[in-house]
Amino acid sequence: MIDFLWPIFGGVLIGLSATVLLLFNGKIAGISGIIYQAITDKTSVNRKQHWFFLIGILLGAYLFHLLSGKALPETNDNYLLAIIAGLLVGVGVKLGNGCTSGHGVCGIGRLSMRSLVATICFMLTAIISVAIINSIIPTGAL
């Protein structure tokens, strides 16, 4: 398949899976919320559904790389930086009442004004952050 079609194909699958989850289970596919509920939910049925959903995401990514011949992305060995970044993301999720997937894919799909504003804020923050980092750290240094 032509390389520029992979992101389109992936986006369609993400939108389709979020729609199926909402239609059949009445659940929003916000990944941070699903992770939180998988860890904290005490009802076995819901907990199993959350874990199956999360495992499906990982298996889907693995199958993509296996079937497409694309290499798996390299990982960063700086675990302290990864922990700090994860904690900052968690704080942002709590402050923003949801994560990027919840607001960007599911919220905008449901025409939620709050999700539209949140997604615009996420994107502007990402663009500004990249611009600042690129102006401070030379290209290829990371």
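Along the sequence shown, residues carry numbers from 1.
Here the CD1-CZ distance, from Ile108 to Arg114, works out to 12.5 Å after rounding to the nearest 0.5 Å. Note: Ser129 OG to Leu124 CG = 10.5 Å, rounded to the nearest 0.5 Å. Separating the CH2 atom in Trp51 from the NZ atom in Lys48 is a distance of 14.0 Å, to the nearest 0.5 Å. Considering CD1 of Ile14 and CZ of Phe9, their distance stands at 11.0 Å, rounded to 0.5 Å. How far OH of Tyr79 is from CD1 of Ile83: 10.0 Å, rounded to the nearest 0.5 Å. Once rounded to the nearest 0.5 Å, the distance linking CD1 of Ile127 with CZ of Phe122 reads 13.5 Å.
As a member of the Ile/Leu/Val/Met/Phe/Trp/Tyr network built from side-chain separations under 4.5 Å, Leu88 groups with Leu80, Ile84. Summarising the hydrophobic clusters (Ile, Leu, Val, Met, Phe, Trp, Tyr; side-chain heavy atoms under 4.5 Å, direct or chained), the residues clustered with Leu16 are Val20, Leu23, Phe24.
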Check step by step if side chain to side chain contact (heavy atoms under 4.5 Å, CB included) holds for Val93 and Tyr36.
-> CA-CA 11 Å; Val93 166; Tyr36 179 79; over 6 Å; no
List the steps, then state whether side chain to side chain contact (heavy atoms under 4.5 Å, CB included) holds for His103 with Val117.
-> CA-CA 9 Å; His103 283 298; Val117 171; over 6 Å; no
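Between Gly15 and Val105, the closest heavy-atom pair is CA-CG1, 4.5 Å. Taking all atoms of both residues into account, the shortest heavy-atom contact from Leu54 to Ala38 is CD1-CB, 4.0 Å. Summarising the geometry of Arg47 relative to Asp41, their closest heavy-atom pair is CD-O, 3.5 Å, with the distance given to 0.1 Å. Residues Gly107 and Ser115 approach most closely at CA-OG, 3.3 Å, considering heavy atoms.
Criterion: ILVMFWY side-chain heavy atoms under 4.5 Å apart, direct or through other members. Under it, Ile128 and Ile136 are part of a common hydrophobic cluster. Ile57 is not connected to Phe64 by any chain of hydrophobic side-chain contacts under 4.5 Å among Ile, Leu, Val, Met, Phe, Trp and Tyr, and they are in different clusters.
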